[in-house]
Amino acid sequence: MKRRKFIGNTTKAVVASTVLPLNSMAKNSVKASAEQKLRVVLVGTGSRGSETWGKSLLKGYSKWVEMVGLCDINHKRVEYAKKYMGAENAKTYEAKDFDLMISETKPDVVIVTTTDHFHVDYIVRAMELGVDVISEKPIATEVEQCQRILDTEFKTGRKVTVGFNMRFMNMSPEIKRVLDSGELGKIISVDFQEYLDLDHGSSYFRRWHGKIKYSGSLLVHKASHHFDLVNWYLGADPVEVQAMGKVAYYGKNHSFRSRNCRSCPFTDKCNMYWDITKSERMMDLYVKCEDVDGYFRDGCVWDNDIDTYDVTTTQVVYDNGTFLTYTQNTNLAYEGQYICFTGEKGRMDVRLYNRQPWEEPAPIEIRISKDTKTTKIYTIDNDKGNHGGADKKVKDLIFDPEKKDNLRQRAGSRAGVMASLIGIAARQSIETGEKVEIKDLVEFPTTWQG
Ligand SMILES: NC(=O)c1ccc[n+]([C@@H]2O[C@H](COP(=O)([O-])OP(=O)(O)OC[C@H]3O[C@@H](n4cnc5c(N)ncnc54)[C@H](O)[C@@H]3O)[C@@H](O)[C@H]2O)c1
């Protein structure tokens, strides 16, 4: 797993000395222009691909974007997605014909929204074929994948943008503004608690996310959002990671199980029973395509093979000395986040309430306390739309030629890799019981600007 083991296989592995800091934007990233529409192809036409980067993209951004190709490992899903998106001009391809899609449709950009573990294959191949990439998070689930992406970007001069939409939720620029203002002084420590309720939390264990070989665990799949935010907030690089985690609630932790909810003899007594047949979209997107790939979207959350930890605690030391303590729970009675920044001159507490069994307070509450007597509290609303309006804003910045990136919200491969590496390092630490140093994992090519 360590850098030395795979260095021999990489073409460029030289010490990082002139890489841009995390807050830099990926240079020459793909951008639409008023004169010419971007030709876009999409690989991975599942839920996220067909909606956020499919139907909504065509609805809101057709002025700048044209969908010319769609590709998936499942030929039924790609045909359904084409209709669902209303992408009449897009040719459809099976995953094995990715290269053919690129040569026939001649895209400016490939959008990658496959299962996490396979992002790398398309990111790398697209760049090798001379095309820029927009990838969903996490950019990669393994150390070797991170290195391949960095090396290919350096070699080809193409660019990767990572869809870290959480940078665009209203609270994120506000947190960044407060931290950058210096009001709290130097940040000494960050506590970040991620709360997933039973409904949302269990949804990961019904799907491919419950298997580390597909998702890299929720420390990569989910927490890469949060690690990226902290990296971006602090403008610092992680150097050391230590973690604990286990499967404490889902998977083996139950007395009965089945293959999936529809085939289950225990539906009457299972508190996790979920009837996928009630959703037309779920039926069309997954159930009607099951015979092609054998993927059950209503998989059993008690599956013995689930190895994605459902409770984790991770500690990160940054190169500026800041400590991060990050915890993730997936079977709570309520949903949200509690994030605290302790600085030399004060403390900021950020509480995000998403769903809870009590009267709903304002969605996002920010408290700034300067000493033991002085505190101020204010609230921010989420915007309407998916992920508190963030899914729209990330596309606005990428595709609208008028939008300026004043806050450096557009993330490149370096930010993507750093976020993934914390999760991967945490996984390694859980498996070995040892502290992991980020510098032992990948090397950033010299003079590369990711
Ligand atoms: N930023 C966000 O808020 C957010 C939200 C949801 C999902 N995502 C990301 O979007 C991506 C897709 O998630 P989803 O919920 O749509 O999952 P999904 O299971 O609905 O879709 C994944 C698609 O990839 C296809 N696929 C799997 N392996 C493939 C391969 N080797 N080659 C080509 N296609 C392949 C599947 O057939 C499926 O159509 C994931 O990377 C996920 O992390 C991001």
Side-chain angles (χ1 to χ4, degrees), residues 41-56 69-82 84-85 92-99 101 110-126 133-141 145 161-169 172 200 203-204 206-211 213-226 228-229 276 279 281-282 284-299 308 385-395 411 416 419-420 423:
V41 296
L42 184 138
V43 53
T45 56
S47 167
R48 186 78 176 161
S50 63
E51 185 59 68
T52 311
W53 299 102
K55 191 176 187 170
S56 320
L70 298 170
C71 175
D72 198 281
I73 207 159
N74 189 313
H75 66 86
K76 283 194 181 169
R77 190 170 295 125
V78 79
E79 293 304 336
Y80 161 75
K82 175 175 167 150
Y84 179 78
M85 294 177 191
T92 53
Y93 298 85
E94 287 188 43
K96 64 179 172 46
D97 295 325
F98 179 78
D99 284 17
M101 172 171 78
V110 174
I111 300 179
V112 180
T113 50
T114 65
T115 303
D116 299 345
H117 183 78
F118 306 108
H119 288 179
V120 64
D121 297 335
Y122 299 102
I123 295 173
V124 165
R125 191 65 188 140
V133 177
I134 297 166
S135 173
E136 259 303 346
K137 46 51 60 178
I139 192 170
T141 59
Q145 297 183 354
T161 295
V162 186
F164 279 130
N165 50 342
M166 275 202 69
R167 290 188 182 197
F168 296 79
M169 289 176 76
S172 308
H200 188 189
S203 77
Y204 292 104
R206 297 182 194 289
R207 300 180 278 163
W208 48 261
H209 311 59
K211 314 282 161 51
K213 66 178 175 187
Y214 297 124
S215 64
S217 82
L218 292 182
L219 284 165
V220 176
H221 170 80
K222 185 86 187 141
S224 57
H225 274 303
H226 312 130
D228 171 65
L229 280 177
I276 194 172
S279 161
R281 164 106 162 119
M282 289 283 134
D284 288 341
L285 190 59
Y286 301 107
V287 175
K288 290 182 186 166
C289 307
E290 267 170 11
D291 57 316
V292 177
D293 57 14
Y295 174 60
F296 297 103
R297 174 63 180 77
D298 61 341
T308 287
N386 286 345
H387 296 112
D391 287 354
K392 176 177 181 308
K393 288 184 194 160
V394 69
K395 284 180 293 199
S420 278

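In listed order, ligands and their atoms are each counted from 1. Worth knowing before you read on, the calculation uses all heavy atoms, side chains too, and leaves out hydrogens, waters and symmetry mates.
Ring centers of Y122 and F118: at least 6.0 Å apart, outside the cut-off.
For the pair K137/H225, a side-chain contact is recorded, criterion being any heavy-atom separation below 4.5 Å from C-beta on. H226 is listed as a side-chain neighbour of M166, based on a closest heavy-atom distance under 4.5 Å.
In this structure, H117 has no heavy atom closer than 4.0 Å to ligand 1. Residue H119 places a heavy atom less than 4.0 Å from ligand 1. Distances shorter than 4.0 angstrom do not occur between any heavy atom of F98 and any atom of ligand 1. Ligand 1 has no atom lying under 4.0 Å from any heavy atom of F164.
Checking S279 against R297 by side-chain atom types alone, no donor-acceptor pair falls below 3.5 Å. Side chains of T141 and Q145: a donor on one and an acceptor on the other come within 3.5 Å.
Residue S47 has at least one heavy-atom neighbour below 4.0 Å for each of these atoms of ligand 1: 16 (O), 20 (O). In summary, the atoms of ligand 1 found under 4.0 Å from a heavy atom of Y122, numbered by their order in the structure, are 30 (C), 31 (N), 32 (N), 33 (C). Atoms of ligand 1 lying under 4.0 Å from any heavy atom of T45, numbered from 1 in the order shown and given with element: 39 (O). For ligand 1, the atoms sitting less than 4.0 Å from at least one non-hydrogen atom of Y286 are 18 (P), 20 (O), numbered in the order shown with element in parentheses.
Under the 6.0 Å distance and 45° angle rule, R281 counts as a cation-pi partner of Y84.
One finds a salt bridge joining D391 and R48 here, because a Lys/Arg side-chain nitrogen approaches an Asp/Glu carboxylate oxygen to under 4.0 Å.
Contact between K222 and H200 at its shortest, heavy atoms only, is NZ-CE1, 4.0 Å.
Closest heavy-atom approach to atom 27 (C) of ligand 1 within the set D391, T115, V394: this belongs to T115.
Residue K137 touches ligand 1 through backbone and side chain together, judged by heavy-atom distances below 4.0 Å.
At the shortest separation from atom 3 (O) of ligand 1 among protein heavy atoms lies N165 ND2, 3.0 Å.
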